[in-house]
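Notes follow the structure.
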2 protein chains.
Amino acid sequence: MGKHEHHTPATAASGIEEAIQMLEGRWKLVILFHLFGGKLLRFSELERAIPAISQKMLIQQLRQLEQDGIIARIVHAQVPPKVEYHLTEWGQSLCPALDELLTWAEKRPAPKRARRPSSA
Amino acid sequence: MGKHEHHTPATAASGIEEAIQMLEGRWKLVILFHLFGGKLLRFSELERAIPAISQKMLIQQLRQLEQDGIIARIVHAQVPPKVEYHLTEWGQSLCPALDELLTWAEKRPAPKRARRPSSA
DNA sequence: CTGCATCCCCCTTGATACTG
DNA sequence: CAGTATCAAGGGGGATGCAG
């Protein structure tokens with residue numbers, strides 16, 4: 001049957017909160033989606049792919065994603081530095097969950113208005 | 001098969017980011033889990049169930065969840081105020097997605113260390 | 001090219017006290 | 001009991017400059 005049978009509210013929340021934290025923030029998901037499908041992208045390619053993000057944020061998020069084992073870094077020992085990023089196996093396995101979440105989001109009945117003031 | 005075939009990175013991210021935003025924060029998920037299963041809880045019951053949260057945060061998160069259509073409020077016109085919270089249909093339908101996410105989280109290979117507090 | 005450091009803003013969260 | 005007001009603190013995120 002299930003690999004995890006039953007959780008108390010607190011227990012289940014802990015596990016998921018951890019997961020959500022890894023995806024939290026304004027950029028994680030964007031980065032991840034650009035990497036889905038096993039794509040291998042350079043730092044500069046990601047920068048170009050996500051113009052709105054600052055270098056600082058890109059690196060910061062990349063680092064966290066890497067530390068969380070979701071993405072991996074390939075450093076080429078070259079004169080002009082070349083670093084490539086790609087999803088780990090585990091990172092790729094995030095896709096179904098995200099897809100479920102997207103499906104859920106699309107089921108939303110009546111989105112009155114966004115209420116996160118920060119998005120302005 | 002899929003109800004939504006393909007998304008560009010940016011497109012898919014937009015949809016999911018919206019979803020994630022609704023669940024973001026330290027308390028949303030905790031609250032939600034306490035409500036899963038169609039439970040009907042009073043404000044004070046939630047307070048007791050989540051001792052670590054402040055009234056302000058509890059109400060704030062509750063309001064956002066309500067505004068996002070994930071939970072609903074029942075106000076009883078009584079002398080000692082009585083307000084109950086419960087998940088909406090849509091809110092309940094979040095469960096599978098969260099479960100997927102939890103499953104993913106549990107597949108994590110080697111959780112070296114938490115990296116949030118920049119304690120490293 | 002890739003990555004880090006610093007300064008700065010302000011949103012989020014939190015503690016406490018007050019009100020209907 | 002349910003909800004609000006206020007003030008303070010922490011940290012995420014942006015801009016810019018510097019370094020390997």
Side-chain angles (χ1 to χ4, degrees), chain A residues 13 17 20-32 34-35 40-68 71-86 113-120, chain B residues 13 17-18 20-32 34-35 40-68 71-86 114-120:
Chain A
E17 276 194 287
I20 292 251
Q21 277 216 306
M22 296 181 184
L23 308 175
E24 241 176 356
R26 216 158 137 192
W27 306 111
K28 299 270 184 71
L29 260 10
V30 181
I31 296 173
L32 254 27
H34 278 281
L35 255 20
L40 197 65
L41 294 177
R42 300 186 55 167
F43 182 83
S44 52
E45 290 178 311
L46 280 169
E47 261 191 302
R48 255 175 292 120
I50 315 171
I53 196 176
S54 66
Q55 281 194 338
K56 172 188 172 183
M57 279 297 105
L58 182 54
I59 290 196
Q60 186 176 301
Q61 305 304 299
L62 247 17
R63 286 275 187 272
Q64 293 188 359
L65 254 11
E66 187 192 357
Q67 230 175 302
D68 286 333
I71 68 172
R73 219 163 57 117
I74 300 178
V75 181
H76 299 267
Q78 301 183 354
V79 181
K82 176 178 177 180
V83 181
E84 291 175 312
Y85 295 87
H86 64 98
R113 261 305 276 166
R115 16 109 306 202
R116 294 301 257 217
S118 28
S119 50
Chain B
E17 276 194 286
E18 229 182 303
I20 291 248
Q21 267 205 300
M22 295 182 187
L23 308 175
E24 237 177 1
R26 213 159 141 196
W27 305 111
K28 298 271 186 70
L29 260 11
V30 181
I31 296 172
L32 254 26
H34 278 282
L35 256 19
L40 197 65
L41 295 177
R42 300 186 55 166
F43 182 84
S44 53
E45 290 178 311
L46 281 169
E47 261 192 300
R48 257 177 289 121
I50 314 170
I53 197 176
S54 66
Q55 279 195 337
K56 173 185 170 183
M57 276 299 105
L58 181 53
I59 290 198
Q60 186 177 301
Q61 304 304 297
L62 246 19
R63 288 272 189 273
Q64 292 188 0
L65 253 12
E66 188 192 357
Q67 227 174 307
D68 285 334
I71 68 173
R73 219 162 59 114
I74 300 179
V75 181
H76 299 267
Q78 301 183 354
V79 180
K82 176 176 178 180
V83 180
E84 291 176 311
Y85 295 87
H86 65 97
R115 80 270 148 3
R116 273 309 166 143
S118 57
S119 49

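Hydrogens, waters and symmetry mates are skipped; everything else that's a heavy atom, side chains included, is used. Values in this document were obtained by computation on a predicted structure and should not be read as measured data.
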Assign Q78(A) to base, sugar-phosphate, or nothing according to its heavy-atom contacts below 4.0 angstrom with the strands shown.
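If one applies the 4.0 Å heavy-atom cut-off, Q78(A) turns out to touch nothing in the nucleic acid.
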Any base atoms under 4.0 Å from Q61(A), or only sugar-phosphate, or nothing? Heavy atoms, all strands.
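Since only primed, P, OP1 and OP2 atoms lie under 4.0 Å of Q61(A), the category is sugar-phosphate.
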Would you kindly give the [atom1]-to-[atom2] distance between [X] and [N], to the nearest whole Å?
X	N	atom1	atom2	value
E24(A)	dT13(C)	CD	P	9 Å
W27(B)	dT13(C)	CH2	C1'	10 Å
I53(A)	dA15(D)	CD1	C1'	14 Å
E66(A)	dG3(C)	CD	C1'	12 Å
E47(B)	dT16(C)	CD	P	15 Å
L58(A)	dC4(C)	CG	P	11 Å

Check this one for me: any side-chain N or O of [X] less than 4.0 Å away from OP1 or OP2 of [N]?
X	N	value
S54(B)	dT16(C)	no
R26(A)	dG13(D)	no
R73(A)	dG3(C)	yes

Going by side-chain contact (heavy atoms from CB on, under 4.5 Å), L41(A) matches just one of R48(A), H34(A), H86(A), E47(A). Which one?
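It is H34(A), the one option of R48(A), H34(A), H86(A), E47(A) that forms the side-chain contact (heavy atoms from CB on, under 4.5 Å) with L41(A).
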Using side-chain heavy atoms (C-beta onward) and a distance below 4.5 Å, is L62(B) in contact with L46(B)?
yes
Find which nucleotide of DNA chain D each of P81(A) and K56(A) is nearest to by heavy atoms, and output the residue with the more 5' nucleotide.
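The residue whose closest nucleotide sits nearer the 5' end is K56(A).
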